[in-house]
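See below for the structure under consideration.
Only a predicted model underlies this, so the values are computations on that prediction, with no experimental measurement involved. Computed from heavy atoms alone, side chains included, the values below leave out hydrogens, waters and symmetry copies. Residues: numbered from 1 along the sequence shown. All ligand and atom numbering here is 1-based and tracks the order in the structure.
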Amino acid sequence: MDEQVGNQVMDQIEARQVGLALEAEGPEQVLAWALEKFGDRLAICSSFQVESCALIDMAWRIDRSVRVFTIDTGRLPDETHDLVERMRERYGLAIEIFMPEHQVVQKMVSELGTNLFYRDTNLRLLCCQVRKVLPLKRALVNYDAWVTGLRRDQSATRSEVRKLEIDDLHGGIVKLNPLADWTEREVWDYVRRHDVPYNALYDRGYRSIGCAPCTRAVPEGAGARSGRWWWETGALKECGMHCAVESGGFQRQLSELLGVNGHNVQPPDDAVHSLEQLTELLGINGRISKGS
Ligand code: SF4
């Protein structure tokens, strides 16, 4: 018997078969299939970067009741909040907003400082866990399937993203990446053609937009994600919300970076703490996933 996954909405055989078929389809076809299959148990996870704005527009044209949620980390730029409001007005969507647990944030910044992420990669990963990854886990409990704006050419860690994946990090629900094979240019062509609202920071040299203190504009010709956590050298340009679920590639690299799971790679000498020590300090042990 084939292994059942998540909320048993799709078993492994079906996921493989459907995934193969969807690889040949465009984003609108992938979204149409997903909306039909999952209905209101599907949501677009939007960080309000240009990719997810395009996806919201596409999905809204198919089904005006499409669900959208976002993670408000508490450190987003004003321009992103402005865009959320413009998207609400344009599409009439009730965008669900998930936030980090305030007690955990309060403890983290009290113990480690508001801008802890500049001091150490482990502290940066911890902040991303607290402000992004844990709220995402809470959000996804509500759904059987989620849609992201991941594209294969965004970075090496995303090069194997598939249009349909089983998301083992989130209970085996279905993860859809309809733009997996699109280029940045194709996304912008769509956005301009349909006059989709986008973040004002793109007009100021930004090419990937996350939290305000961790994102900056990039010079012409630089990698799109080089403006994210720009002070770090050698660390992955990832926060932990996404990974190559089926290959386990990102999980393995993150584990190595943190020196966990039997690997001997230790944090640098000037590292303040390991992720385990930090999570213990914050009292969130057992509620944090090393690999996510
Ligand atoms: Fe914290 Fe920066 Fe990660 Fe945002 S991007 S959660 S501010 S470390």
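- For the pair Phe98/Cys45, no side-chain contact is recorded, criterion being any heavy-atom separation below 4.5 Å from C-beta on.
- Looking at Val68 and Met87, their side chains never come closer than 4.5 Å, going by heavy atoms from C-beta outward.
- Using cut-offs of 30° and 60° for the angle between ring planes, the Trp182 and Tyr190 rings count as tilted.
- No hydrogens or angles considered: nothing links the side chains of Arg204 and Asn199 as a donor-acceptor pair under 3.5 Å.
- In this structure, Arg75 and Phe117 have side chains that are in contact, with non-hydrogen atoms separated by less than 4.5 Å.
- The two atoms that bring Thr73 and Cys211 nearest to each other are OG1-SG, 3.2 Å, heavy atoms only.
- Here Arg228 has no heavy atoms under 4.0 Å from ligand 1, in either its backbone or its side chain.
- Protein atoms that are N, O or S and lie under 2.8 Å from atom 2 (Fe) of ligand 1 are these: Cys214 SG.
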